[in-house]
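One-based numbering, in listed order, for ligands and for the atoms of each. Excluded from the calculations below are hydrogen atoms, water molecules and symmetry mates; all remaining heavy atoms, backbone and side chain alike, are included.
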Amino acid sequence: MARIKIGDRDVLIVVDIQNDFCPGGSLSVPNGHEVVPVINRLAKQFPHVVLTQDWHPPDHLSFASAHPGKKPYDIIAVDYGQQILWPDHCVQATHGAEFHKDLHVPHAALVLRKGIHRAIDSYSTFYENDRKTPTGLVGYLRERGFARVFLAGLALDFCVRYSAEDAKREGFGVAVIEDACRGIDVDGSMGAARKSLEGLGVVRVDPEALA
Ligand code: VGL
Ligand code: ZN
């Protein structure tokens, strides 16, 4: 296996390792907690780490509870296209929005919060689902001089996928560390994610390949 040498122009983005996405949480990703020790180890190999946090106001448009008569996983039309409705999750300043208690990445330099606008969901950590509202992360990464983005976290078929796609479009080298990700898998979303990432030339790497 080819080794990838991690250096100063590489950044690890750890996506949404929050209680609500782990078993017992309101939008739990099957076996989501399993990535925590993997990410803790991985992060030690990266001098630069960013953590992201899904961070919604209580009446967020992506919540089924905000749409009378609708239930989680229904799909509705909104201004920017289709929106899957989710159980209430990652509400700002609640236990569900906190990082998993065992996540240990003390040297992470930035915590980027997304999904903060009531009327726009945000899967990607770079652009919200209207595809034009920026989170500011592109500017941060450019100003810090990073060239390659490595992604790990939850959920592979939503936030990791869309973040990888946007990073690629923005001209960064992108690798997804799949062993450090888990997916939700609604309506074939895992297959769709793998196909899309492959089509864009996003590299899949094993944690063991990093040096
Ligand atoms: C996510 C669904 C809704 C994710 C966030 O982090 O993948 N998925 N909000
Ligand atoms: Zn969300």
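- The shell of residues lying under 4.0 angstrom from ligand 1, judged by heavy atoms, excludes Gln18.
- For Asp187, the CG atom sits in a loose shell: 12 or fewer heavy atoms of surrounding residues, nucleotides or ligands are nearer than 6.0 Å.
- With a 4.0 Å heavy-atom cut-off, ligand 1 is reached by no atom of Ile84.
- The closest side-chain heavy-atom distance from His48 to Phe150 is not below 4.5 Å.
- The residue from Gln18, Gln92, His89 that alone fulfils the side-chain hydrogen bond (donor to acceptor under 3.5 Å, both in side chains) condition with Asp54 is His89.
- Because the distance cut-off is set at 2.8 Å, His89 qualifies as a neighbour of the Zn ion (ligand 2) through one of its N, O or S atoms.
- Taking 4.0 Å as the cut-off between side-chain N and carboxylate O, Asp10 and Lys5 do not count as a salt-bridged pair.
- Between His56 and His60, the ring planes are parallel. Angles under 30° get that label, and only those over 60° would be called perpendicular.
- Atom SG of residue Cys90 and atom CZ of residue Arg113 lie 11.5 Å apart, to the nearest 0.5 angstrom.
- What sits closest to atom 4 (C) of ligand 1 on the protein, heavy atoms only, is Cys159 SG, 2.7 Å.
- For ligand 1, the atoms closer than 4.0 angstrom to any heavy atom of His89 are 3 (C), 9 (N).
- Residue contacts with ligand 1: His56 is placed with no nitrogen or oxygen under 3.5 Å of a nitrogen or oxygen of the ligand (distance criterion only).
- Close contacts of ligand 1 with Phe158, meaning ligand atoms under 4.0 Å from a residue heavy atom, involve 7 (O), 8 (N).
- Annotation for His95: atom NE2 does not count as buried by contact number, only 12 or fewer foreign heavy atoms lying within 6.0 Å.
- Here the side chains of Leu156 and Val176 are in contact, with some heavy-atom distance below 4.5 Å.
- Of the protein's non-hydrogen atoms, Asp16 OD2, 2.6 Å is the one closest to atom 6 (O) of ligand 1.
- Among protein heavy atoms, atom 5 (C) of ligand 1 sits closest to Asp54 OD2, 3.1 Å.
- For His56, the nearest N, O or S atom to the Zn ion (ligand 2) falls under 2.8 Å.
- The Zn ion (ligand 2) lies under 2.8 Å from an N, O or S atom belonging to Asp54.
- Residue Ile184 places no N or O, backbone or side chain, under 3.5 Å from any N or O of ligand 1.
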